[in-house]
Enquirer: 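Shown below is the structure under consideration.
In what follows, chains are A, B, ... by sequence order, proteins preceding strands, each numbered from 1.
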Amino acid sequence: MLANEEVIDGRSERGGYPVLRMPLRQWMFRITAYAERLLSDLDLVDWPDSTRTMQAEWIGRSEGAEIDFEVPGFGILRVFTTRPDTLFGATYMVVAPEHPLVKAAIEGGGAGAAAVRDYAAASANRSDVDRQADTKQKTGVDTGLRAVNPATGEAIPVWTADYVLMGYGTGAIMAVPAHDERDFEFARAFGLPVRQVVEIAGVAFDGTAATSGHGVACNSGGPGLSIEGLDTTRAKVAVIEWLMKTGRGARRVNYKLRDWLFSRQRYWGEPFPIVYDESGRHYPVSERALPVLLPELADYKPIESDVPVPPLGKATAWVSTTAGEAGVDPAILPPGTPVRRETNTMPGWAGSCWYYLRYCDPANGSRMLSNEAERYWLQSQRKDGGMHAGGVDLYVGGAEHAVLHLLYARFWHKVLFDLGHVGTPEPFGKLFHQGMLTAYAYQREDGSLVAVDQVEERHGAHHERGGGPVTQVIAKMSKSLRNVINPDDVIAEYGADTFRLYEMSMGPLEASKPWNTRDIAGVHRFLQRVWRLAVDERTGGLLLARQADPAVERLLHRTVHKVTGDIDRLAFNTAIASMIELVNAATRPQEMKDPADGGLTHEQLERFVRLLAPFAPHAAEELWAKLGGSGFVVHAPWPIADPAMLVDDEVEIAVQVMGKVRARIMVPTKADAAQVESIALGHPDVLPHLAGKSPRKVIVVPGRMVNLVL
RNA sequence: GCCGGUGUGGCGGAACUGGCAGACGCGACGGAUUCAAAAUCCGUUUCCCCCUAAAGGAGUGCAGGUUCGAUUCCUGUCACCGGCACCA
């Protein structure tokens, strides 16, 4: 059994075997029952807009109506439409090739029955992927059946075409070619009538293209109903009211979201706690007997047979058992009843949908997690004082999980919430997507890529070994380009602290960034500088400043402030930059004879090491121990910056004349606008640009700049 | 096609609310130290003009706009990345 993406041109991707479609009985989750809540509760979480939008589009809510059309020779054909107001423009119908009406048409044996049968058979053998691939050319056949348009009373043809999908709505549509691009293309391809029923302001209808959008109904009067002249919103309401009154339809909301297929035909997965009796009825395994464990199998390769059998089918003794042995409640089924176990297994989602809950209470033998553990780990206040709607405070994960894992986990969490097992409606309060690390690769002039080990650098330019010049480009890491980085190698050469620090310093956490091995030296040198700042490399003893340098002390407070704020906003790269600045400023010059004349004091080092700990934990703990700190530095309180140390007595500000910087002046921090203005106006570098005139306007931004407008 | 994101030195990036563009790192160049090299330390490093410096000019994908002032806001446009793609 294959997944859709493993089928290429109707054959298996591996081996090229022919692929057969076959309906199977499988376990599904009714996630569609939660569609509305999964959509509306997106308002409760602090997630990236792009991800919330993707989920909303995936759920795909649309409002409209269900309309019943009478089809003599078949019965009632029900369609879903978002534009009930265009009912008068429905000049034909289309059903999906899998629709029951198609079978009825074939069995009816009309003139075109053979063509209908061939078309339906051809569609069945094409995968959905293929059917959606060629959207340019519409195909279809007339079923020969006729439907009655309830608004006009006209008999209109019913076609079948694969542009209508069985899996959405009712698998049938009323086609309004004048106002739907897809229907228009189909009508044009098969010469079906087009009738305008909406006038859109500023968009003329000339019969060469569909016009869609909000407008006013026209050509929309019939024996029982007229919506002539109503705007689209009112026309929809009027049609729906008429449909309800006459028993022909109703308001209806539809979702693109489908139910969730949860069966897999693999060995490695949780078995379903389900058994079947001899007549094929299914029964649950009782809670007491859970979990159902996988039986040991010497060989879990697939089974060859005409009817698909999952690998668990090989465990014959396990599969064929009794109700009592399998753990079915005797009240449901007598213990001696022979039963067969379900042989499908669950997909990986069965674990990924709730692991974050179990992590909070992993040793609990009686419950998934206790209320106390949930309260401690998963129920917290947001910064604005409100409660997080979702348990996990901050969930960092790739954007590739935007619609699958993150939607499925929300669904499970809501089910658990409804059953009273968790106290929040959402699993993840704040979501952050980290970027993907990419790598450099090289490109020939024709655009083809070259593996990195085939490229050498000459005079600052890159050349293919034995070939022409190549340009450096950014690509995904891949085996074929030989630009994959193995963390173990980097750690072996530079250590885990350097590796961690490098990844944190590369750039914004959310951005995709290229790995550049050459740059690792920079953060490695920083760690070495930190070490030498505190430790005499020859003796291993501490190197401490006799007394704190006031400028360094100020900078340390600034660094504490900066790093604290940067960690809050996950800007680790700039936090590291500020620590580098501090260490550079505190580093003793080479010519300094007595180490006690420079560097940091014992107390200053203690503060700095606490800042460093989250970034380079091993080095920080080592330094902490050398400094004689108690316990581990990770448990030490976070340093606090003194706000008074964050402001200087004087600041340098720029003086602009007509928006161009002409001078930089030092002014007292507390100086008012008038003082700053007079200092600026008297500056020798400014005077020539004023050309003797006095400024028409002076803008002073305290602590930042002055702009003189002539 | 539709939706979203990103474009800043040779390279990775910084500039948090419209206020000094290029923090920090890499690389490169120059110097100190060394018998020498590695390591280390110091300095220079957006581009143009210029022997150099001073001074000047240009500059955040491109073209406009708003503003005293735009990497930041608005309009248009190009490129790249991601998602969706007959959902009636």
Enquirer: Taking atom types as they are modelled, would you say the side chain of Q590(A) forms a donor-acceptor pair with the base of rU33(B) within the 3.5 Å cutoff?
Expert: no
Enquirer: As a test of the definition: with a 90° window around 0 for syn, would you call rG9(B) syn or anti?
Expert: syn
Enquirer: What is the nucleic acid contact for H689(A), judged by heavy atoms within less than 4.0 Å: base, sugar-phosphate only, or nothing?
Expert: sugar-phosphate
Enquirer: Taking only the side-chain nitrogens and oxygens of N573(A), find out if one of them lies under 4.0 Å from OP1 or OP2 of rG25(B).
Expert: no
Enquirer: Which is true for R525(A) with a 4.0 Å heavy-atom rule: it touches a base, it touches only sugar-phosphate, or it touches nothing?
Expert: sugar-phosphate
Enquirer: Do N707(A) and rC68(B) have a side chain to base donor-acceptor pair shorter than 3.5 Å?
Expert: yes
Enquirer: Over all strands shown, is R52(A) touching base, sugar-phosphate only, or nothing at heavy-atom distances under 4.0 angstrom?
Expert: nothing
Enquirer: Measure from NZ or CZ of K138(A) to the centre of the six-membered ring of Y163(A) and say whether it is under 6.0 Å with the direction within 45° of the ring axis.
Expert: yes
Enquirer: Determine which nucleotide pairs with rA14(B), using a 3.5 Å limit on both distances of a Watson-Crick or G-U wobble pair.
Expert: none
Enquirer: Need one value for S50(A): base, sugar-phosphate or nothing, where a base atom within 4.0 Å counts as base even if backbone is also close, heavy atoms only.
Expert: sugar-phosphate
Enquirer: Could you tell me whether the phosphate oxygens of rA58(B), OP1 or OP2, come under 4.0 Å of any side-chain nitrogen or oxygen in K660(A)?
Expert: yes
Enquirer: What nucleic acid atoms does N254(A) come within less than 4.0 Å of, heavy atoms only: base, sugar-phosphate, or nothing?
Expert: nothing
Enquirer: Looking at every strand, decide which applies to R696(A) at a 4.0 Å heavy-atom threshold: base, sugar-phosphate, or nothing.
Expert: nothing
Enquirer: Base, sugar-phosphate or nothing for M705(A)? Non-hydrogen atoms, less than 4.0 Å.
Expert: base
Enquirer: With a 4.0 Å cut-off on heavy atoms, is Y440(A) in touch with a base, just the backbone sugar-phosphate, or nothing at all?
Expert: sugar-phosphate
Enquirer: Over all strands shown, is S62(A) touching base, sugar-phosphate only, or nothing at heavy-atom distances under 4.0 angstrom?
Expert: sugar-phosphate
Enquirer: Using a heavy-atom cut-off of 4.0 Å across all strands, would you classify E181(A) as base, sugar-phosphate, or nothing?
Expert: nothing
Enquirer: At under 4.0 Å between heavy atoms, what does R662(A) touch on the DNA or RNA strands: base, sugar-phosphate, or nothing?
Expert: sugar-phosphate
Enquirer: NA contact type, I580(A), heavy-atom cut-off 4.0 Å: base, sugar-phosphate, or nothing?
Expert: sugar-phosphate
Enquirer: P589(A) near the nucleic acid: base, sugar-phosphate alone, or nothing, with a heavy-atom cut-off under 4.0 Å?
Expert: nothing
